[in-house]
J.: 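I have a structure I would like to understand better, so I am pasting it below and will then ask my questions one at a time.
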Amino acid sequence: MQFDLNLLVALDALLEEGSVGGAARRLHLSEPATSRALGRIRAATGDPILVRSGRSMVPTPRAQAIRTEVHALVERAQAVFTPPGAPDPSSLERTFTLLASDVAISVGPALLARVRAEAPKVALRFLAEGSGTEGFELRDGVADLDIGVADRTLPEIRVEPLLTDHVVAVVRPGHPLAAGPLTRERFAAAQHVSASRRGHLTGPIDDDLGAHGLRRTVAMAVPTFSAAMFVVAGTDLVGLMPWRLGGPTVAALGLVALDPPMELPSIEISMSWHQRYDADGAHGWLRDRVRETFDQNL
């Protein structure tokens, strides 16, 4: 037997109003349509539900017994089909998993402070970025949010830009490149460390040098910008760093930032998420906090 949820709604109205006319007005139906619904309810339940008593109608014992349960069922069904409102952060208990590049994690303390100020029971779990940016971790539910460069994504992944950053060259204090103008020739003649999670030894900088008949030597590749800065601090190698995100790391290590002798592509930092979280109130709240953190701290 197939169940029609509309009959449950009609039954609730009939039991609350105690008349076909009152139920019709509540349901915005005609009295004949409501009367037909009552007939179907009687057939489905095997009980008259409402019976005539003088000029009014009274509920049967079965109707009285199920009235509270019917009303609760209708309220729960309505809740299922009602869009969720904004969550109450103070009572929100959830652990959000974020993928982030090492330089993007630099906003972690500020983000955590903002999150915990509103939602003391929320925890943030940061995972290192994988070797690609297709969005599979978001699609498969491994992560709730990805903060970093989103150059290739699956069609169901949402992407929102957060920050445009520029790249600087970084050397140790007293490095020969820090003295005098930094030309392409001097830059190419130095030894370099590459920061690439995929282990790449070349990039746009090599295309520029090649166009001018120059070639640099990359002596080492490491997976993160932060690791590259520690290498720079202890060697004569030259590294590259996104300045707005990585500037605090450069300063903390006492390194020297130099403008590169060529125009390099800017780095676009975005947050990405799977479309299944579009209407999730708690996830939307987190995205707002991430957006505010980038706007006010960088």
Side-chain angles (χ1 to χ4, degrees), residues 99-111 126 128-131 133 147-151 161-270 293-298:
L99 293 173
S101 65
D102 64 311
V103 287
I105 292 176
S106 65
V107 304
L111 175 60
F126 280 89
E129 287 182 309
S131 59
T133 56
I147 302 175
V149 177
D151 52 2
L162 293 171
L163 171 75
T164 299
D165 210 342
H166 66 280
V167 175
V168 296
V170 183
V171 296
R172 63 165 177 79
H175 194 285
L177 286 187
L182 182 56
T183 63
R184 281 187 175 85
E185 288 75 16
R186 295 183 67 211
F187 187 78
Q191 301 279 306
H192 294 255
V193 55
S194 171
S196 170
R197 54 182 166 159
R198 302 182 185 91
H200 293 167
L201 297 177
T202 60
I205 200 166
D206 299 283
D207 297 334
D208 179 274
L209 292 174
H212 290 80
L214 300 171
R215 182 178 179 182
R216 67 171 179 158
T217 298
V218 177
M220 179 184 290
V222 293
T224 67
F225 284 108
S226 298
M229 293 303 97
F230 280 100
V231 171
V232 167
T235 68
D236 279 337
L237 300 185
V238 181
L240 298 176
M241 187 66 148
W243 178 244
R244 293 179 67 184
L245 283 172
T249 300
V250 173
L253 293 175
L255 303 176
V256 179
L258 306 171
D259 290 328
M262 70 281 294
E263 194 74 27
L264 294 176
S266 59
I267 295 178
E268 299 291 337
I269 302 297
S270 303
T293 301
F294 271 81
D295 287 345
Q296 298 179 21
N297 290 273
L298 295 168

J.: With a 4.5 Å cut-off on side-chain heavy atoms, are Arg172 and Thr235 touching?
T.: no
J.: Indicate the atoms forming the closest heavy-atom contact of Asp165 with Pro242, along with that distance.
T.: OD2-CB, 3.3 Å
J.: Can you find a pair of side-chain heavy atoms, one from Leu245 and one from Ser106, that are under 4.5 Å apart?
T.: yes
J.: Within a reach of under 6.0 Å around CD of Glu263, are more than 12 heavy atoms found that belong to other residues, nucleotides or ligands?
T.: no
J.: I need the minimum non-hydrogen distance between Ala178 and Val171, along with the two atoms involved.
T.: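 Taking every non-hydrogen atom into account, CB-CG2, 4.4 Å.
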J.: When rounded to the nearest 0.5 angstrom, what is the spacing between CZ in Phe294 and CD1 in Ile269?
T.: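 Atom-to-atom, Phe294:CZ and Ile269:CD1 are 7.0 Å apart.
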J.: What's the separation between atom NE2 in His175 and atom CG in Leu237, rounded to the nearest 0.5 Å?
T.: 7.5 Å
J.: Do Phe230 and Val193 have side-chain heavy atoms sitting under 4.5 Å apart?
T.: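 No - every pair of side-chain heavy atoms lies 4.5 Å or more apart.
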J.: Can you tell me how far apart OG (Ser101) and CZ (Arg197) are? Round to the nearest 0.5 Å.
T.: 8.0 Å
J.: Looking at Phe187 and His192, what are the two nearest heavy atoms and their distance?
T.: O-NE2, 2.8 Å
J.: Within a reach of under 6.0 Å around CG of Asp236, are more than 12 heavy atoms found that belong to other residues, nucleotides or ligands?
T.: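 Counting neighbours around CG of Asp236, more than 12 heavy atoms of other residues, nucleotides or ligands fall under 6.0 Å, so yes.
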J.: Any side-chain heavy-atom pair from Val107 and Asn297 closer than 4.5 angstrom?
T.: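 The answer is no, as the side chains (C-beta and beyond) never meet within the 4.5 Å cut-off.
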J.: What's the separation between atom OG1 in Thr293 and atom CD1 in Ile147, rounded to the nearest 0.5 Å?
T.: 8.5 Å
J.: Identify the heavy atoms of Gly254 and Pro173 that sit nearest to each other, and give their distance.
T.: O-CG, 3.0 Å
J.: Taking the side chain as C-beta and beyond, is there a heavy-atom pair between Val218 and Gln191 under 4.5 Å?
T.: no
J.: Is there a donor-acceptor pair closer than 3.5 Å between any side-chain N or O of Arg216 and the backbone N or O of Leu209?
T.: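 No: the side chain of Arg216 does not pair with the backbone of Leu209.
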J.: Are Arg184 and Asp208 packed together at the side-chain level, in the sense that at least one heavy-atom pair is separated by less than 4.5 angstrom?
T.: yes
J.: Output the distance between atom CG (Asp295) and atom CG (Leu162), rounded to the nearest 0.5 Å.
T.: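 Going from CG on Asp295 over to CG on Leu162, the span is 8.0 Å.
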J.: Do Ser266 and His166 have side-chain heavy atoms sitting under 4.5 Å apart?
T.: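 Side-chain contact under 4.5 Å: no.
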J.: Any side-chain heavy atom of Trp243 sitting closer than 4.5 Å to one from Val250?
T.: yes
J.: Give the minimum heavy-atom separation between Leu255 and Met229, together with the two atoms involved.
T.: CD1-O, 3.6 Å
J.: To the nearest 0.5 Å, tell me how far Ile205 CD1 sits from Leu214 CG.
T.: 11.0 Å
J.: Treating Asp102 as the side-chain partner and Ser226 as the backbone partner, does any N or O pair qualify as donor plus acceptor under 3.5 Å?
T.: yes
J.: Leu258 pairs by side chain to side chain contact (heavy atoms under 4.5 Å, CB included) with which of Val238, Leu182, Val170?
T.: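 Considering Val238, Leu182, Val170, a side chain to side chain contact (heavy atoms under 4.5 Å, CB included) with Leu258 is found only for Leu182.
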J.: Heavy atoms only: give me the nearest Ile105-Ala100 pair and the separation to one decimal.
T.: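 Result for this residue pair: CG1-CB, 3.6 Å.
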J.: Strictly below 4.0 Å, N to O, side chains only: are Asp206 and Arg215 in salt-bridge contact?
T.: no
